[in-house]
Every structure is written in structure tokens, then in C-alpha cells.
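Numbers for residues simply follow the sequence, beginning at 1. The figures that follow rest on heavy atoms only: side chains count, while hydrogens, waters and symmetry mates do not.
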Amino acid sequence: MEQSYFGGIWCGLKTLATGLKVTIKEYLAPKSTEQYPENRKTTLHVAKRHRGRLVFKRNEDGTHKCTACTLCEKSCPNGTIKLMAHMEEDPETGRKKKMLDDYQYNLGDCMFCQLCTNACNFDAIEFTNDFENSVFDRDSLVLHLDKEIYQGGSLPGLLDGGAPMEIGKFNTKTK
């Protein structure tokens, strides 16, 4: 069925009016903006299982659990973990043992796939939900996990999930 010339113009104007109606309705609706980063200490909720960055688990005396077995390095699909170790004789047993020299983790290249933590037989590494890792220099994203003692995120209570989650309620400002 062919439309006449004026029928085509009418159909086009009708479609244009429908689009403008949707646009004007959205333009006039009240806007709400979550106030981040100003109110992030009171409103930000991060799931406990969120994978934000890799950290070493420590023993009670502060030493790390890593035995330099290189399973995490081998399981990493894009090589973000690099281990350097040397063999040393254990004075107690007289056997040679691998000792960790450096554990480099490149946060900028990590895919957060958690294959490294699944491969670790000694429960030495874990992901925390600390997500604020923005920097101006990519070289500062290379972390030496054996030399740093992770004290928690930049937000209070972040490791426990941050602010309590209230579904449907946000600290917002209507504009």
C-alpha cells in the first residue's frame, strides 16, 4: 500500500511528535544525583565479594604465608604476577627451602579473574573489595605485596562492605 505525498509527511510529523514527547518528559522529570565522592563514607556500599585488589594474608606474627611455590604466577593468564625467589638452607631441618625475594603484582594489568587465589594451596593471597586504585602514573600500580602490609581501604569499614545497604534508598540530591 503506497502512501500519498501528504500521508508520508503526516506520518513523519506524527513520529517526530512522539519522539519530542518522550524527550520533553525526560527533560522535565526531577533529576537525582548520588553525591560521590563527597558522601561516599556514609552511602557507598561495596559487596564483600567484590574483587578490587590482591593482598597477602599474614600470620599472627606479621609474616606472610607465601612459600614462593609459583602456582599463582603460573595460573595468571596475562602475567600480572611475577615472583622472585632463591633457595636457602633451613637451619632447623637442614633441607633447602625456597625463600621469597619479591612478589610483584601489576594491578593495572590484572583481570580480577581470581585464578591466582584459587591456585594458591597455602591460602596466602586474597582479593579485597578496595576499589579506589586510580593513579596518574601506571608504574605506581605495580605493587610489591611481600613488602607492604595492607591496612585496609581508604574508606572506614570498606572491608566489611562499607555503608549498610538499604535497597531503594540513596543519599541523593534532586536538581
Side-chain angles (χ1 to χ4, degrees), residues 1-57 70-83 103-120 123-145 148-175:
M1 179 172 158
E2 256 181 64
Q3 286 187 345
S4 68
Y5 176 74
F6 292 108
I9 292 176
W10 174 248
C11 185
L13 288 174
K14 188 174 151 186
T15 305
L16 179 66
T18 304
L20 282 175
K21 180 180 151 188
V22 170
T23 304
I24 290 171
K25 181 180 166 187
E26 285 299 316
Y27 182 74
L28 296 176
K31 311 292 185 277
S32 69
T33 305
E34 181 143 0
Q35 300 301 306
Y36 181 86
E38 293 84 17
N39 295 339
R40 68 180 182 220
K41 293 181 180 175
T42 57
T43 63
L44 182 65
H45 178 77
V46 180
K48 289 182 186 180
R49 64 183 183 194
H50 172 75
R51 299 176 200 154
R53 70 170 276 191
L54 193 68
V55 295
F56 261 6
K57 287 186 175 181
T70 69
L71 283 175
C72 56
E73 182 179 22
K74 291 174 186 170
S75 69
C76 185
N78 57 348
T80 61
I81 297 173
K82 292 189 179 29
L83 283 168
Y103 191 105
Q104 284 186 9
Y105 165 61
N106 191 340
L107 180 63
D109 290 342
C110 186
M111 297 188 320
F112 307 102
C113 63
Q114 206 170 5
L115 290 175
C116 56
T117 59
N118 294 340
C120 184
D123 196 32
I125 53 177
E126 70 177 343
F127 274 99
T128 64
N129 59 356
D130 188 6
F131 67 96
E132 291 186 323
N133 299 309
S134 58
V135 292
F136 289 106
D137 183 22
R138 279 185 63 87
D139 293 336
S140 60
L141 290 175
V142 177
L143 306 173
H144 301 274
L145 299 186
E148 74 170 21
I149 297 178
Y150 183 72
Q151 299 293 330
S154 57
L155 298 174
L158 181 68
L159 299 179
D160 299 323
M165 183 171 169
E166 296 177 32
I167 297 176
K169 285 193 151 201
F170 298 101
N171 187 0
T172 58
K173 183 180 2 175
T174 304
K175 291 186 178 183

- Message: Return the OG1 to CG distance between Thr80 and Leu141, rounded to the nearest 0.5 Å.
- Response: 12.0 Å
- Item | From CG (Asn118) to SG (Cys120), nearest 0.5 Å | 10.0 Å
- Residue pair Leu145 / Arg53: nearest heavy atoms and the distance that separates them: CD2-NH2, 4.3 Å
- Report the residues that fulfil side-chain hydrogen bond (donor to acceptor under 3.5 Å, both in side chains) with Asp137, sequence neighbours left out, ordered by chain and then residue number. none
- Message: Can you confirm whether Ile81 sits close enough to Leu54 that some side-chain heavy atom of one is under 4.5 Å from a side-chain heavy atom of the other?
- Response: yes
- Taking all heavy atoms of Met111 and all of Pro77, pick out the closest pair and write down the distance. CE-CG, 3.3 Å
Donor-acceptor pairs under 3.5 angstrom involving side-chain atoms of residues 17-24: please list them, not counting sequence neighbours.
residue : atom : partner : partner atom : Å
Thr18   : OG1  : Lys14   : O            : 3.0
Thr23   : OG1  : Gly19   : O            : 2.9

- Message: If I take atom CZ from residue Arg51 and atom CG from residue Asn129, how far apart are they, to the nearest 0.5 angstrom?
- Response: 12.5 Å
- To the nearest 0.5 Å, atom CG of Leu143 lies from atom CG of Asn133 at 8.0 Å
- Note on the structure: Hits for side chain to side chain contact (heavy atoms under 4.5 Å, CB included) against Lys57, two or more places apart or cross-chain, chain-then-number order -> Lys65, Asp123, Glu126
- Would you say the side-chain atoms of Ser4 pair up with the backbone N or O of Gly7, donor to acceptor, closer than 3.5 Å? yes
- Message: Among residues at least two apart in sequence or on other chains, which ones pass side-chain hydrogen bond (donor to acceptor under 3.5 Å, both in side chains) with Lys82?
- Response: none
- Given side chains that start at C-beta, do those of Cys72 and Leu83 come closer than 4.5 Å, heavy atoms only? yes
- Task: Please name the pair of heavy atoms, one in Cys116 and one in Ser75, separated by the smallest distance, quoted to 0.1 Å.
- Result: CA-OG, 3.5 Å
- Item | Tyr150, Phe127, Tyr103 screened by ring pair (Phe, Tyr, Trp, His ring centres under 6.0 Å) with Phe56, the one that passes | Tyr103
- Mind checking what makes ring-ring contact (aromatic ring centres under 6.0 Å, His included) contact with Tyr105, not counting sequence neighbours? none
- With sequence neighbours left out, write down each residue that passes side-chain hydrogen bond (donor to acceptor under 3.5 Å, both in side chains) with Asp109, or none if nothing qualifies. Asn106, Arg138
